[in-house]
Protein chains: 2
Amino acid sequence: MGIIRKTESVGALLNEFKNGSNAISAITLVKRLESKFNKTTVYRVLDKLEDDGVLHSFMGDKGIKWYAKCDGCSKSEHVDLHPHFQCVACGKIDCVAVDVTIPKIPNREITASQILIQGTCEGCTSK
Amino acid sequence: MGIIRKTESVGALLNEFKNGSNAISAITLVKRLESKFNKTTVYRVLDKLEDDGVLHSFMGDKGIKWYAKCDGCSKSEHVDLHPHFQCVACGKIDCVAVDVTIPKIPNREITASQILIQGTCEGCTSK
DNA sequence: TTTATATTTGCAACTTAGTTGCATTTATAT
DNA sequence: ATATAAATGCAACTAAGTTGCAAATATAAA
């Protein structure tokens with residue numbers, strides 16, 4: 001069950017994702033907003049925004065949950081099968097629009113894939 | 001720093017990975033061996049076996065750590081950049097030997113990739 | 001074979017990320 | 001204006017994994 005009411009917390013979270021295609025970890029959002037909202041609320045609103053197809057989530061390298069704005073997702077269908085890129089130097093993750101072809105695997109039916117590409121981002125390479 | 005002594009715990013853990021290319025989650029190993037070894041020991045030995053290139057680890061879907069036997073890894077170089085397949089029905093994960101080509105991304109230097117392919121395995125499809 | 005010593009182990013306590021139950025508050029339709 | 005379902009805050013909890021330290025043990029040296 002997604003968002004039903006337009007509350008302050010929903011606005012605040014959407015605002016965090018307003019600009020940029022960067023992903024933000026759940027725990028980062030909890031910390032950023034902890035003066036205004038309880039962490040339970042943050043986790044719950046993130047959950048609902050994902051249900052609604054507004055955000056999508058995925059697991060980062062250290063077992064923590066990240067969220068990013070959906071592009072072309074709807075309540076009924078999440079098309080966020082794009083890879084994510086994590087800079088091993090600064091830790092930032094963003095969505096990348098490249099297509100990665102997953103080959104068929106004998107005797108398996110593939111329905112989804114989680115691809116985390118790791119390396120160094122532009123800012124960190126030049127340092 | 002990898003394994004230095006051949007202790008009972010090392011033997012027990014290696015034994016768990018003896019047959020099959022299946023991955024086993026750290027927490028599963030902790031539970032399987034909890035009558036014989038402390039969980040701290042299990043986590044530490046897994047760590048060392050990874051250092052030695054005997055096992056490799058990766059993150060599963062729910063933020064938990066999985067281990068599998070390395071194939072062609074050494075202490076100095078882990079070549080375990082192969083994808084893993086997780087059955088969404090039974091939860092089992094194994095290493096798959098397919099090659100997935102990660103395209104170059106502008107302004108990023110790619111050093112590694114974590115690919116988790118999800119779907120249904122043979123056993124679960126036929127049910 | 002004994003001894004010295006560094007490695008390994010167990011234990012308890014801790015950490016981090018996230019979840020749950022429940023009472024209170026609040027947005028929205030009537 | 002009010003009823004009511006949804007949203008929130010709080011505290012307590014869970015699950016996976018980590019840390020510090022004292023005790024035990026594998027291995028090399030004598």
Side-chain angles (χ1 to χ4, degrees), chain A residues 1-16 23-68 75 84 86 91-93 114 116, chain B residues 1-16 23-68 75 84 86 91-93 114 116:
Chain A
M1 34 77 178
I3 296 287
I4 295 179
R5 296 178 187 178
K6 276 286 154 60
T7 61
E8 219 189 323
S9 64
V10 172
L13 274 166
L14 288 179
N15 188 54
E16 292 291 327
I24 313 175
S25 70
I27 190 69
T28 299
L29 290 165
V30 165
K31 280 173 188 156
R32 274 194 203 162
L33 300 174
E34 70 186 348
S35 64
K36 307 189 80 180
F37 308 101
N38 188 274
K39 67 172 172 174
T40 313
T41 302
V42 174
Y43 282 116
R44 283 194 283 226
V45 172
L46 287 172
D47 227 47
K48 290 177 181 174
L49 288 171
E50 184 170 23
D51 269 4
D52 281 353
V54 178
L55 300 178
H56 63 272
S57 75
F58 56 94
M59 283 292 160
D61 64 332
K62 190 53 199 119
I64 66 171
K65 208 168 186 179
W66 291 71
Y67 284 87
K75 199 161 187 162
H84 296 97
Q86 178 161 40
K92 261 190 232 158
I93 301 189
Q114 310 281 330
L116 184 65
Chain B
M1 34 83 174
I3 296 288
I4 295 179
R5 297 179 188 178
K6 277 287 155 61
T7 60
E8 219 189 321
S9 64
V10 173
L13 274 166
L14 288 179
N15 189 53
E16 293 290 327
I24 314 176
S25 70
I27 189 69
T28 298
L29 290 165
V30 166
K31 281 174 188 156
R32 273 193 204 162
L33 301 173
E34 71 186 348
S35 64
K36 307 189 79 180
F37 307 100
N38 188 275
K39 67 173 173 173
T40 313
T41 302
V42 175
Y43 281 116
R44 283 194 283 225
V45 173
L46 287 172
D47 227 46
K48 289 178 181 176
L49 288 172
E50 184 170 22
D51 269 4
D52 281 354
V54 177
L55 299 179
H56 63 273
S57 74
F58 56 94
M59 283 291 161
D61 63 333
K62 191 53 199 121
I64 67 171
K65 206 168 187 180
W66 292 71
Y67 284 86
K75 199 162 188 162
H84 296 96
Q86 178 160 39
K92 261 190 230 157
I93 301 189
Q114 310 280 328
L116 184 65

How long is the span from the [atom1] atom in [X] to the [atom2] atom in [Y], to the nearest 0.5 Å?
| X | Y | atom1 | atom2 | result |
| --- | --- | --- | --- | --- |
| A:Leu13 | A:Arg44 | CG | CZ | 13.0 Å |
| B:Met59 | B:Gln114 | CE | CD | 9.0 Å |
| A:Phe58 | A:His84 | CZ | NE2 | 4.0 Å |
| B:Thr7 | B:Lys48 | OG1 | NZ | 8.0 Å |

Could you list all N or O pairs between the protein and nucleotides 27-30 of chain D that sit under 3.5 Å apart?
from: D:dT27; atom 1: OP1; to: B:Lys6; atom 2: N; distance (Å): 3.1

Distance check needed: [N] [atom2] versus [X] [atom1], whole Å only.
| X | N | atom1 | atom2 | result |
| --- | --- | --- | --- | --- |
| A:Asp61 | C:dT16 | CG | P | 17 Å |
| A:Leu49 | D:dA7 | CG | P | 11 Å |
| A:Trp66 | C:dG18 | CH2 | C1' | 16 Å |
| A:Glu34 | C:dA17 | CD | P | 12 Å |
| A:Glu50 | C:dG18 | CD | P | 12 Å |

Any chance you could lay out the side-chain contact (heavy atoms from CB on, under 4.5 Å) test for B:Leu49 and B:Leu14, step after step, and finish with the verdict? CA-CA 9 Å; B:Leu49 288 172; B:Leu14 288 179; 4.0 Å; yes
Quick one: list whatever passes side chain to side chain donor-acceptor pair (under 3.5 Å) with B:Arg5, sequence neighbours left out. none
Residues at least two apart in sequence or cross-chain that pass side chain to side chain donor-acceptor pair (under 3.5 Å) with A:Thr41, listed by chain then number, are none
Let me spell it out: for each of B:Glu8 and A:Ser25, pick the nucleotide of DNA chain C with the closest heavy atom. Which residue's pick is nearer the 5' end? B:Glu8
When you measure from the side chain of B:Glu50 to the backbone of B:Ser57, do you find a donor-acceptor pair of N or O atoms at a distance under 3.5 Å? yes
Applying the side chain to side chain contact (heavy atoms under 4.5 Å, CB included) test to B:Tyr67, which of B:Thr28, B:Asp47, B:Ile24 qualifies? B:Asp47
Residues that A:Lys39 engages under side-chain contact (heavy atoms from CB on, under 4.5 Å), provided they are two or more places apart: A:Val30, A:Tyr43
Global bending angle along the helix from C:dT1-D:dA30 to C:dT30-D:dA1, which compares the axes of five pairs at either end, to 10 degrees: 30°
Determine, for nucleotides 9-16 of chain D in 5'-to-3' order, which nucleotides have protein heavy atoms under 4.0 Å from the base (write B), from only the sugar-phosphate (write S), or from neither (write -). BBB----S
Identify, between A:Val45 and B:Met59, the residue whose nearest nucleotide on DNA chain D lies closer to the 5' end. A:Val45
Quick one, A:Leu33 with A:Glu16, criterion side-chain contact (heavy atoms from CB on, under 4.5 Å). Give me CA distance, side-chain angles, the key distance, then yes/no. CA-CA 10 Å; A:Leu33 300 174; A:Glu16 292 291 327; 3.9 Å; yes
